[in-house]
Amino acid sequence: MRAAEDTTMETTNDQAAGIPGGTQKEDEKLTSEAAIETVGDITVENPRIQCHNVDVFYGDKQAIKNVSIEIGRNEVIAMIGPSGCGKSTFLRCLNRMNDIIESCVVKGDIQLDGNNIYSKSTDVVTLRAQVGMVFQRPNPFPKSIYENVAYGPRIHGLVDSKIDLDEAVENSLRRAGLWDEVKDRLQQPGTGLSGGQQQRLCIARTIAVRPEVILMDEPCSALDPIATAKIEELMDELSQNYTIVIVTHSMQQAARVSKRTAYFHLGELVEVGDTRRIFTNPQHRLTEGYITGRFG
Amino acid sequence: MICLLAGAAFVFGRHRAYATSGKSISTLHSLPGHYGLYALILTTLPAVALLMFWSMLAPRVIEVLLLADLPAAMQGWSQEQLGLLLNDVRNSLKGYSVASDNPELITQFGERYQDMEQASNWLLWITVLSLCAGGLAWAWYKIRADHPARHRVEAVAVTGLIACSLIALLTTIGIVLSVLFESLRFFQHVPVTEFLFGLDWSPQTAIREDQVGSSGAFGAVPLFAGTLLISAIAMLVAVPVGLMSSIYLAEYASQRIRTILKPLLEILAGIPTVVYGFFAALTVAPLVRDAGNWLGLEVASESALAAGLVMGIMIIPFVSSISDDVISAVPRAMREGSYGLGATQSETIRRVIIPAALPGIVGGILLAVSRAIGETMIVVMAAGLAANLTANPLEAVTTVTVQIVTLLVGDQEFDSPKTLAAFALGLTLFIVTLILNIIALQIVRRYREQYD
């Protein structure tokens, strides 16, 4: 009981309290330095997204510090790190979901296919259609399964006729591996599906807008292992056509699904690299500490 | 006094529990506080009940005793005469001068009255205190380490809660029954069909037998038509305005504007309806009439339009406050899901948030409708008394509630069809709002099933 309390204390206070264990002093020294030099190669050939010196503030609090990274085409990149390290915040910068939060300010340069997404001429609506997002908890709309998937194509005017729409819905549901399970009950509410089905419905809904990049914010944290396995399988398939950025708490999941992994710590990008290398041969002390389970 | 005893009993109960447990809380069945409460309840509850009962019954008992040995000459007096006598006795005790036929009797009775009152008080205190002591002793006897005081205390608490909810229920039943019986009496004079389907309403009956007057016509259709007309106008104002303002407040307004605007809007709900009433009668009605005249329309100076407009304004806070709450309650995840697909704010509101919040919004609107139907003051002042059967909002109409008021403030005896008609109207109104509420619940439930 006491031990469990202690752990929660640490996770909520990890920014203030630092890291427990023998390395505390060294880690403090490291994190208190002006900036961490990111270890590993942040560049990729033929990048889709390029981030340079990104800072994010919530009011006075800085959540992301000077992060630079490139994300390639049809690449699955996992972002890992302890709670509060800013990985979700960073993910939400990529399709400007942080705009909804009033106190949030994003500085730096983020480019999608060479265009700065934070420039004035960028239309958030088009951006979010290009960069879709799947959330931590399945959040189907209170509509029928069909309407959930048809929502995106409708608001973006992607289809001309009912037949096209039917086709788009079927396609998206098929790609999300949900078609066979729901084809007989398309008119029933999406909220009536199981958690895993709901999450696949949300993925289908995202695909229906024909994005280029899919952001996934801990997509399996509310699901059981079987549903998780299905989603991971699906990610593998989707990676043939889409760039996928996934934030996850599960290192096994990162190891299973991603090609590259980025480790965040207290708002800074500590290490980036090939997933296998990160997990077998981490070069930064913090990365090693997290991966070997000394904190996080 | 009883409070002091109660406190003492609480402390005592705790100590007793402590003592019997061998100074260790963990061996007790319940927490020490429960034993304290247990002792407290046993000590005070019977005593308080007795106190209340006694103070209700004692005066009556004293009166009966007093009147039992009246002088022989007065034995044959009627109830009213005896009542007067007792009143005189009481007044003389309070020091008022009493004009009476035999002052000696009054003073004699006064003394005896006082004596008996004193005796009763003494008796009361003795019994109450002994009840307290008895309760305390019983608690002392009962409290052992394994005594389930917690269950006992909670049973008493539950009983208290049930009693409170029964009060509300019984009051409702009482109201319904009284209205129902008066209505039945009314329907002995006027057939139900005539009341429900008659198109003519003029409830003036003859006061004296020989008076040349109408026998009255009690067709309620014009009243319900008027009520519906005014409520419809009110809803036409309140629903769009209330809904739009709640959408603005919940979705677009910044935190600062919201903190200013929302209380301001809710002030509208706090304005007394009388104030709305004379605002409608003195400001809005002339405005409507002048505007109508300017357009070349003939407008009555007490028009349904004016009353409906003001009533609509009154209802805006009901609609907007409830809608605002349900819109704000739509989960954040729903908005993010929509924004994440590239929907704009207005698309998100129209296609996701409003459908999700619809059950609550419909509930709020129906609540506002029953409020509008039952509203009295505004229509009394602004809508007029003429029972016209019309759909023209520029004419004067009257409503059910207005007629109930006018029927009951008259000076006719209470069993004439005219006053009884008020109860029949009240019953019908009650049934209509009941049906509305049931429909509202059904709608809400159906949407719930679809959206949850």
Side-chain angles (χ1 to χ4, degrees), chain A residues 91-92 94-103 123-144 147-158 187-192 198-199 201-211 214-217 222, chain B residues 26 243 247-262 323 325-364 442-452:
Chain A
L91 188 75
R92 292 164 65 95
L94 300 180
N95 69 345
R96 290 183 59 173
M97 280 302 276
N98 284 332
D99 289 12
I100 303 170
I101 301 161
E102 266 179 55
S103 62
D123 182 6
V124 182
V125 168
T126 337
L127 171 72
R128 288 186 189 148
Q130 287 171 306
V131 185
M133 188 153 192
V134 176
F135 297 85
Q136 190 168 354
R137 297 194 142 269
N139 56 349
F141 301 132
K143 297 168 180 285
S144 68
E147 285 299 320
N148 259 287
V149 184
Y151 184 81
R154 281 222 172 101
I155 57 174
H156 291 294
L158 297 179
Q187 295 311 322
Q188 282 174 30
T191 42
Q198 286 189 16
Q199 194 63 298
L201 177 63
C202 292
I203 292 173
R205 186 173 77 180
T206 308
I207 299 172
V209 188
R210 299 180 208 155
I214 302 176
L215 309 176
M216 295 188 174
D217 189 358
Chain B
S26 56
L243 200 54
I247 288 172
Y248 171 73
L249 279 178
E251 293 295 319
Y252 290 98
S254 68
Q255 196 56 42
R256 214 165 55 86
I257 293 178
R258 198 177 144 87
T259 48
I260 299 170
L261 265 185
K262 200 166 181 200
S323 313
D325 287 347
V326 292
I327 288 175
S328 305
V330 172
R332 194 188 165 78
M334 218 73 98
R335 289 160 227 269
E336 293 200 332
S338 178
Y339 292 140
L341 290 172
T344 62
Q345 198 163 6
S346 73
E347 281 165 340
T348 305
I349 292 167
R350 263 189 297 122
R351 288 161 174 268
V352 177
I353 294 176
I354 297 287
L358 202 59
I361 293 174
V362 171
Q442 285 295 328
I443 292 176
V444 169
R445 195 170 306 148
R446 192 182 308 157
Y447 276 111
R448 281 264 157 75
E449 278 165 6
Q450 202 173 336
Y451 287 127
D452 274 357

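Model, not experiment: these values are computed from the prediction.
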Below 4.5 Å, heavy-atom pairs only: which of [options] has the largest tally toward chain B?
options	result
A:Thr126, A:Asn95, A:Leu215, A:Asn139	A:Asn139
A:Arg96, A:Arg205, A:Gln188, A:Gln130	A:Arg205
A:Gln136, A:Met133, A:Glu102, A:His156	A:His156

Can you say whether [X] sits under 4.5 Å from chain B via the side chain, the backbone, both, or neither, judging by heavy atoms?
X	value
A:Pro140	backbone
A:Arg154	side chain
A:Phe141	both
A:Ile155	both
A:Val124	neither
A:Val134	neither

Original post:
Of all residues at least two apart in sequence or in a different chain, which pass the side chain to side chain donor-acceptor pair (under 3.5 Å) check with B:Arg351?
Top reply: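 Side chain to side chain donor-acceptor pair (under 3.5 Å) list for B:Arg351, sorted by chain: empty.
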Original post:
Taking all non-hydrogen atoms of both residues, which atom of A:Arg128 and which atom of B:Gly342 are closest, and how far apart?
Top reply: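 Closest heavy-atom pair between A:Arg128 and B:Gly342: CB-CA, 3.6 Å.
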Original post:
Taking all non-hydrogen atoms of both residues, which atom of B:Leu341 and which atom of A:Tyr151 are closest, and how far apart?
Top reply: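 Looks like CD1-CD2, 3.7 Å.
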**OP:** Using non-hydrogen atoms and a 4.5 Å limit, figure out which bit of B:Arg350 sits close to chain A: side chain, backbone, both or neither.
**Re:**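 Neither part.
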Subject >> Test ring-ring contact (aromatic ring centres under 6.0 Å, His included) applied to B:Tyr339 - qualifying residues, sequence neighbours left out >> reply: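 Listed in chain order: nothing, the list is empty.
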